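We use all heavy atoms of the structure for the numbers below, so side chains are in, but hydrogens, waters and symmetry mates are not. Just so you know, these numbers come straight off a predicted model, no measurement behind them.
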Amino acid sequence: MIRPHSTLVGALAVALTIAGCAPDPPSPTPTASPSVTQSAEAPPSTTPTPSETSVDFTSGDPVLLHPPGELGPAWEEVFALPYGDDDGQLGTSQGGEGLEWGPSYGTQLPDGTWWFLDAANFRLAHFDDGGGYLGDAPLPEEHLAQGEFFQWQSPQALANGTVVLQSTTPDRPGLLRMSVDGAFSRVDMAGFVAVKATDGATLFGFDEQGAGVAVDPADGAISPADGFTGQAGMRYSVEGEPGSLTVRLGGQRIVLPLEAAGYPGALPYPVVETATGTDGVLSLLVTGIVEVEPGTAVDTQALLRIDTAGKGTVEPVPMLTSASDPGDGARLGVRLGDERPWLMIVGDDALTVYRRG
């Protein structure tokens with residue numbers, strides 16, 4: 001897809017920060033996704049998008065990012081949750097100029113069920129692994145900013161079944177924990193942290209200066225961390241710059257040159273989400289904005305799956321955003337105790353979850 005010049009400056013500024021390398025600024029309301037249009041001056045690439053490509057990531061060969069495509073045959077739609085007013089549906093809220101904000105994101109618990117942040121209805125909504133409605137957990141008024149604003153985002157599931165949310169209330173950093181019995185408790189923190197991952201016991205992310213940190217969800221204590229710990233004790237880190245990612249995994253340092261298919265010489269500005277499984281594979285959801293000519297940029301993306309030997313696959317992914325997407329949670333994840341990555345997309349009419357077999 002092509003971004004017009006009016007959105008390019010902001011888009012590149014966002015893309016230069018790898019997701020997780022700096023905290024998301026707290027905001028009481030979501031910000032609109034930039035409009036996407038197609039430019040006649042730079043038509044989209046006609047390079048075919050392969051469904052899956054086996055790659056030796058240690059070879060130094062470029063990793064090709066493609067425009068949004070279709071998921072390969074290894075993926076299936078798990079469920080789609082339409083928006084509406086019924087208890088078993090997710091709510092929307094007005095975003096101005098006729099725009100309806102969709103719900104926030106969700107997370108999967110070790111027992112296979114899902115909790116979604118239904119901000120319009122001031123609750124967490126509970127669903128089984130087939131999308132069947134199981135009930136909800138309304139947020140007590142004491143945990144709403146000024147008693148009326150839902151200012152929590154980016155849920156993480158711990159191994160004991162606790163769901164942890166991050167505060168977006170300005171000047172009040174903290175976590176909100178929901179235990180398995182539905183009880184809520186707040187934990188204050190010394191500063192804001194963009195939590196991006198968990199090993200089931202500790203949260204990992206980045207502080208306000210962009211330094212890696214570990215967070216104890218029991219008391220909110222923040223400590224330095226030179227990398228993340230994932231499932232099966234996997235230690236990893238990802239750093240990015242225009243046209244390149246550096247991945248440290250399994251004792252290896254792997255440099256991944258990035259190229260946009262059909263636009264040789266144009267450098268992608270990467271944004272990354274990560275997730276790990278019990279199989280020792282690191283999944284990277286990479287989206288890259290490419291300026292193909294002054295004032296015109298192209299969206300390219302891919303899902304990379306890398307094992308500790310540096311081998312794996314590159315796969316296409318569909319359009320990840322919509323006009324209703326608040327952009328405040330993880331699109332990529334793996335359930336604790338599982339190895340199958342999932343993708344979550346907040347669409348115009350429904351929230352959809354896909355999973356790799």
Side-chain angles (χ1 to χ4, degrees), residues 1 3 8-23 42 45 47 49-50 52-69 194 196-197 204-206 209-212 225-228 230 234-276 281-294 296-317 320 330-332 341:
M1 303 297 290
R3 293 184 185 273
L8 179 60
V9 174
L12 291 182
V14 172
L16 278 169
T17 301
I18 293 297
C21 287
S45 167
T47 302
T49 304
E52 180 177 316
T53 304
S54 296
V55 175
D56 178 355
F57 292 103
T58 66
S59 68
D61 294 333
V63 174
L64 288 181
L65 306 181
H66 287 263
K196 299 297 181 181
F204 296 93
F206 298 86
Q209 288 71 47
D226 59 3
F228 291 179
M234 175 187 291
R235 293 285 297 171
Y236 67 95
S237 67
V238 182
E239 298 176 0
E241 60 183 25
S244 178
L245 292 177
T246 299
V247 179
R248 290 178 172 83
L249 173 67
Q252 293 199 72
R253 179 180 178 273
I254 306 171
V255 177
L256 305 178
L258 301 177
E259 288 188 3
Y263 299 100
L267 295 179
Y269 289 71
V271 177
V272 180
E273 294 183 32
T274 65
T276 62
V281 173
L282 173 65
S283 294
L284 304 176
L285 179 61
V286 182
T287 55
I289 298 174
V290 180
E291 188 173 19
V292 296
E293 61 182 51
T296 303
V298 178
D299 290 330
T300 58
Q301 55 195 30
L303 179 70
L304 283 53
R305 304 191 71 234
I306 309 175
D307 64 21
T308 54
K311 308 298 193 298
T313 58
V314 177
E315 304 178 40
V317 288
L320 299 168
R331 298 177 176 89
L332 171 70

Rounded distance (nearest 0.5 Å) linking atom OG1 of Thr274 with atom CG of Leu304: 12.5 Å
For Thr308, is there any backbone N or O sitting under 3.5 Å from a side-chain donor or acceptor partner on Gln252? yes
Heavy-atom distance under 4.5 Å between the side chains of Leu303 and Glu52, does that happen here? no
Closest contact, heavy atoms only, Ala260 versus Thr300: CB-CG2, 3.9 Å
For a quick test of reading the model, state the closest non-hydrogen atom pair linking Ala197 to Phe228 and the distance between them. CB-CD1, 3.9 Å
d(Tyr236 OH, Arg248 CZ) to nearest 0.5 Å is 14.5 Å
Looking at Gln301 and Val317, would you say the former's side chain and the latter's main chain have a donor-acceptor pair under 3.5 Å? yes
Closest non-hydrogen contact found for Leu245 with Gly240 is CD2-CA, 3.8 Å
Arg305: salt bridge (charged side-chain N to carboxylate O under 4.0 Å, His left out) partners, not counting sequence neighbours: Asp279
Any idea which heavy atoms bring Gly227 and Phe204 closest together, and the distance? O-CD2, 4.0 Å
To the nearest 0.5 Å, what is the distance between CD (Glu293) and OH (Tyr263)? 9.0 Å
Pro270 and its side chain to side chain contact (heavy atoms under 4.5 Å, CB included) partner, picked from Thr287, Leu256, Leu284, Leu258: Leu258
How long is the gap from OG1 on Thr58 to CD1 on Ile306, to the nearest 0.5 Å? 10.5 Å
Can you name the closest pair of heavy atoms from Gly288 and Pro268 and give their distance? CA-CB, 4.2 Å
Distance from Leu282 atom CG to Met234 atom CE, nearest 0.5 Å? 6.0 Å
Is there a side chain to side chain contact (heavy atoms under 4.5 Å, CB included) between Asp56 and Lys311 once you walk through the steps? CA-CA 5 Å; Asp56 178 355; Lys311 308 298 193 298; 3.6 Å; yes
Looking at CG of Leu267 and CD of Glu291, how far apart are the two atoms once the value is rounded to the nearest 0.5 Å? 10.5 Å
Check: Thr246 side chain, Glu239 main-chain N or O, donor-acceptor pair, under 3.5 Å: no
If I compare all heavy atoms of Ala302 with all of Val314, which pair ends up nearest, and what's the gap? CB-CG1, 3.8 Å
So do Leu285 and Leu320 actually touch side chain to side chain, heavy atoms under 4.5 Å? yes
Are the side chain of Glu259 and the backbone of Pro62 linked by a donor-acceptor contact shorter than 3.5 Å? no
